[in-house]
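See structure below.
Only a predicted model underlies this, so the values are computations on that prediction, with no experimental measurement involved. Lettering follows sequence order; numbering is per chain, from 1.
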Protein chains: 2
Amino acid sequence: MKRRNTPSKEKVLSILKSQNYAMCHDTIAEQTDDINRATIYRILNQFCEDGVAHRITSESGKQFFALCKSCNAGEHHHNHLHFQCNSCEKVECFKSEINISLPEGYQIENFNGLISGFCNSCAPN
Amino acid sequence: MKRRNTPSKEKVLSILKSQNYAMCHDTIAEQTDDINRATIYRILNQFCEDGVAHRITSESGKQFFALCKSCNAGEHHHNHLHFQCNSCEKVECFKSEINISLPEGYQIENFNGLISGFCNSCAPN
DNA sequence: AAAATTAATGCGACAATGTTGCAATAGTAC
DNA sequence: GTACTATTGCAACATTGTCGCATTAATTTT
Ligand SMILES: [Mn+2]
Ligand SMILES: [Mn+2]
Ligand SMILES: [Zn+2]
Ligand SMILES: [Zn+2]
């Protein structure tokens, strides 16, 4: 199925590009001019399939999306940790990659690593 | 608020003890004799507060619960990874603890690390 | 042992999030 | 411009977990 370029996709992509944080559906929606809910979800899912973005599931189960630095449809590198602040709720990607070793016979498909706590700005000092 | 012992709590606890895997709400419910949905959720949340169990959020956002080995209400040790099989959907705790280092000023409250893929039994070889 | 206290439960309603079917719209290739 | 079909909007739906409130029952007090 060949992808088509659309204003909605461009808009969502530009929103993702504009932030240093992973974003959830409603934050993205707030910044669009009435793109349908379902459409935004479908666009984000496509981005994940295509290696344009990656999905982070927060502790509450909500999904966040961040641009991929070096992924494409075939090859993904997502063995890095994320951090969500329990106060401002921002989700950010950490750079350092972690080493994942699996028991014999196991195969990894994806990794979702999320640290929760308080970010620099929100931590009670 | 002082905890009370009840048959429902004992039942849920014994179910958790009976499995080597983290369990989700409905798997637990299947094994009970009609404990109310909300009650099971409340019991599981209590267990997490009390350091009896810990919660793992799966990639889809569903919650799984596993007994804690060495936690109590005050002190938690959950810096280990989990694995969910995309085929049989079982969630298991991995033993090895991972080292989490945070940027200056960040505070960790919890860690949710989940590898998804295929387990030993389900991996296409 | 009975009464008092209040934690736990069941029930129903609700919230939040994400998905899907289908008809209408609009990219893209020719 | 036409044909093809990916994309969109809409509405309905599914899933998961929470909450308020009246009732029940575990535990403490008398
Ligand atoms: Mn990331
Ligand atoms: Mn565990
Ligand atoms: Zn913060
Ligand atoms: Zn499996």
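Backbone-only contact: A:N5 has heavy atoms under 4.0 Å from sugar-phosphate atoms and none from a base. Within the nucleic acid shown, B:S8 comes within 4.0 Å of sugar-phosphate atoms alone, with no base atom in reach, counting heavy atoms only. Residue contacts for B:R37: at a heavy-atom cut-off of 4.0 Å it reaches a base atom on one of the strands shown. Contacts of A:R42 with the nucleic acid, taken as non-hydrogen atoms under 4.0 Å apart, include base atoms.
Side chain of A:N86 to backbone of A:F118: no donor-acceptor contact under 3.5 angstrom is found.
Between A:K9 and D:dT7, a side-chain N or O to OP1/OP2 separation shorter than 4.0 Å is present. Look at A:Y41 and you'll find a side-chain N or O under 4.0 angstrom from OP1 or OP2 of C:dG18. Under 4.0 angstrom from either OP1 or OP2 of C:dA8 there lies no side-chain N or O belonging to B:T6. For D:dT16, neither phosphate oxygen OP1 nor OP2 lies less than 4.0 angstrom from any side-chain nitrogen or oxygen of B:S60. Checking the phosphate oxygens (OP1, OP2) of D:dT16, a side-chain nitrogen or oxygen of B:K62 falls inside 4.0 Å. For D:dT7, the OP1/OP2 oxygens have a side-chain nitrogen or oxygen of A:Q46 closer than 4.0 Å. Put simply, A:T39 has a side-chain N or O that comes within less than 4.0 Å of OP1 or OP2 on D:dG9.
You'll find that the side chain of B:N36 is closest to C:dG10, out of C:dG10, D:dT8, D:dG17. Of the listed nucleotides (C:dG27, D:dT8, C:dC11), C:dG27 has the atom at the smallest distance from the side chain of A:R4.
Summarising the geometry, the separation between CG on A:N45 and C1' on C:dT20 is reported as 12 Å, rounded to the nearest angstrom. Whole-Å rounding puts the A:F47 CZ to D:dT7 P distance at 11 Å. Rounded to a whole Å, the CG atom of A:D33 is 15 Å from the C1' atom of D:dT8. Distance, A:E59 CD to D:dT18 P: 12 Å, rounded to whole Å. The distance between atom CE of A:M1 and atom P of D:dT7, rounded to the nearest whole Å, is 7 Å. Atoms CZ (B:R3) and P (D:dT27) sit 13 Å apart, rounded to a whole Å. If you measure from atom CD of B:Q63 to atom P of C:dT17, you get 13 Å, rounded to the nearest angstrom. What separates CG of B:D34 from C1' of C:dC11 is a distance of 13 Å, to the nearest Å.
Note: A:Y106 and B:F94 have perpendicular aromatic rings, judged against thresholds of 30 and 60 degrees for the angle between ring planes. Between B:H82 and B:H54, the angle of the ring planes lies from 30° to 60°, which puts this pair in the tilted group.
Between A:E92 and A:Q84 the shortest side-chain heavy-atom distance does not fall below 4.5 Å.
Nearest-nucleotide mapping onto DNA chain D: of B:P7 and A:I40, the residue sitting toward the 5' end is A:I40.
No donor-acceptor contact under 3.5 angstrom links the side chains of A:Q31 and A:K11, judged on distance only.
In this structure, A:K62 does not pair ionically with A:E89, as no charged nitrogen and carboxylate oxygen lie closer than 4.0 Å.
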